[in-house]
Amino acid sequence: MATQIAPALDSATALPIYESEIKSRLELERARLLAEAGLPSERIQHFKRPSERPFTKADRERVTVLFGGFTLRHDRLVQAALSGLGYKVDRVPTPVKADFQTGKEFGNNGQCNPTYFTVGALVNYLRDLRDKQGLSTEQILGDYAFITAGACGPCRFGMYEAEYRLALRNSGFDGFRVMLFDQSGGLNQTDIERGFEFNFDFMLSLLNSVFLGDLLNEIAYHVRPYETVAGRTNEVFEKATQRLTEKLRSKKYNLKPGMTARLLSKITPVDSDAMAEKFIDQLFRDYYTSVCEEIAATIDEEIEVDYTRAKPICKVTGEFWAQTTEGDGNFNMFPFLEREGAEVLVEPISTWVSYLLHQNIARAHDARGLVEGQPVPGKWDIRGKIQREIRYYSKLAKLTLGQRILRREYERIRNALGGTAHELACQKHLERQGHPYYNSRLGGGEGHLEVAKAIYYSAKKYAHMVLSLKPFGCMPSTQSDGAQAAVVSHFPDLIYIPIETSGEGDVNAHSRVQMALGEAKVKSRAEFQAEVQKTGFSLDQIRAYIAKPEHRELRRPLKAMQLVPHYDDITGRAAKFVRYVGERMKAEGSMSN
């Protein structure tokens, strides 16, 4: 029976008005207007997020969790770390252009470049399971899941998860589990079911794999352009990666608490004796650093380099995914730069982790004395004010301690691997440099980091040019590019080039990079030639000195750079090296003109 929503004005003559009649008339009028405009009258069925099947602890032994999106070396190390914790995990291969086309086929128009590449690679991985390995769709839906990063923000990143689900449904995998790891959520990941335990063990395993991946990548990109035997660096670093994956996979966290751990758990906020023992193990024992020292020795023993070849150093920054991936997603930019004669300075993922901690500290400062949903304490509410101050300093202490531990552990592994990789950039320093051009409180993308890192790596004489990679139409990076116009005007020596990536346009992007790289090559060669001239020796004399058997350390990739001091007025690795060798030759009175 229809529901009456308004009584008659005159019960003797007027008819009542019914809700069903109003709806009927609205539908008729809507249909008339659509027909008049030539539009279809069928109702559009909008995509809605489905109810996710839970990923429980019981599923852990059966369900394979898929992930990807970092560099190949990072992915392998993370896979080993998670396997060591008892999870079944597998990597989705580095996306290629065929994956991009698959993503566009099954996804919405106008999506972000990382979305198309990532979901396309996932769909093609699942298709291979079905079509080549013979698994049924039901088996795939039941025995596999995908975990990815997610967060809200001012760009399309917040919609990635919905796009993944839509593309999976359109490609025949409706109901495939997509689990979201909130990049700003820390260990409090309540949206993910009990199948993943975001505990202290998980955090340590993940951070150690990221540290190792960051540093191995940077050292490999530093050594490879100067190797005297082509391909040797890749062989040695492949063995190093295998050794570290074994260490991560075999790491045990069921440690027996000692006296120090029991004392620590009583005088600090550490939750238990067991956690305190893990904390001590991470900070003071050499489980990872010992093998890193062995890897560093192997690198110096098995690789020879020629640091007298002048090469421009190109720092890569930009949007997180585009600056990290090593395939078609950023036009294979890293191998292209090396083929063009550059040394690539890659961005460590650890910088992003440090940035998230720093932003949380900034938010704690901004919200000092405030509690959501509660009024500000009155003028004479001394107790309330003291409680909020205690709350503020407690949170600040935890975040600051976390940031210092992050830097300390990164530094331990960096020194164990020879100490030639750059230390993590200080977030306060980056904020001071970037804030005048890009407000450091703005969220989304890399925030102020793109601007700050361009200034930092140029002013510190760490790079000849800065290449910023971002997906086509990336809003936060586009805002950064606008601010870079002011940066370039204030730092005229900075060579900066932004490149938007998509599934097409490789030739055009490479051509633009070549032009900027040409200018960087001129700078690096001029710098190198000036340093050779200052030594008072010819380049042939310097090379002859280096080639002597007793000077083998000058041909070792890590040892040679350990000997070279930091010169504030030189950028190029070759220029720094010949200045050091020239000073050494003069001190020894060797081969003078």
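Positions are given from 1, in the same order as the sequence printed here.
Listed by chain and number, the residues in a ring pair (Phe, Tyr, Trp, His ring centres under 6.0 Å) with F334 are Y221 (sequence neighbours excluded). Not counting sequence neighbours, K428 has no partner by the side-chain hydrogen bond (donor to acceptor under 3.5 Å, both in side chains) test. Residues that satisfy the side-chain hydrogen bond (donor to acceptor under 3.5 Å, both in side chains) test with Y87, not counting sequence neighbours, are absent from this structure. Listed by chain and residue number, Y438, N439 satisfy the side-chain contact (heavy atoms from CB on, under 4.5 Å) test with L442 (two or more places apart in sequence, or in another chain). The ring pair (Phe, Tyr, Trp, His ring centres under 6.0 Å) search around F100 returns Y116, F117, not counting sequence neighbours. Taking the ring pair (Phe, Tyr, Trp, His ring centres under 6.0 Å) definition, one finds that Y410 meets it with F211, sequence neighbours left out. Residues forming a side-chain hydrogen bond (donor to acceptor under 3.5 Å, both in side chains) with H435 (at least two apart in sequence, or on another chain): S440. Listed by chain and number, the residues in a side-chain contact (heavy atoms from CB on, under 4.5 Å) with N234 are R224 (sequence neighbours excluded). In this structure, D493 has no side-chain hydrogen bond (donor to acceptor under 3.5 Å, both in side chains) partners at least two apart in sequence or on a different chain. In this structure H358 satisfies the ring pair (Phe, Tyr, Trp, His ring centres under 6.0 Å) test with no other residue, sequence neighbours excluded.
A distance of 6.0 Å or more separates the ring centres of H448 and Y437.
Using a 4.0 Å cut-off between charged side-chain N and carboxylate O, D59 and K88 make no salt bridge. A salt bridge links K97 to D506: at least one charged side-chain nitrogen sits closer than 4.0 Å to a carboxylate oxygen. Taking the charged nitrogens against the carboxylate oxygens, E238 and R73 have no contact shorter than 4.0 Å, which rules out a salt bridge. Between R441 and E431, at least one side-chain nitrogen of the basic residue sits less than 4.0 Å from a carboxylate oxygen of the acidic one, meeting the salt-bridge criterion. Comment: E235 does not engage K239 in a salt bridge, judged by the lack of any side-chain N to carboxylate O separation of less than 4.0 angstrom.
Checking side-chain atoms of S209 against main-chain N and O of S205 turns up a donor-acceptor pair under 3.5 Å.
Shown are R177, R130, R62; of these, the salt bridge (Lys or Arg N to Asp or Glu O under 4.0 Å) with D143 is made only by R62. None of V89, L248, D90 except one satisfies the side-chain contact (heavy atoms from CB on, under 4.5 Å) rule with S83; the exception is V89.
Classified by interplanar angle (parallel below 30°, tilted 30° to 60°, perpendicular above 60°), the ring pair F331/H510 is perpendicular.
Here side-chain hydrogen bond (donor to acceptor under 3.5 Å, both in side chains) pairs that include residues 511-527, with residues two or more places apart or in two chains, are E340-Q514, H464-E527. Here side-chain hydrogen bond (donor to acceptor under 3.5 Å, both in side chains) pairs that include residues 310-325, with residues two or more places apart or in two chains, are K315-E347, Q323-E446.
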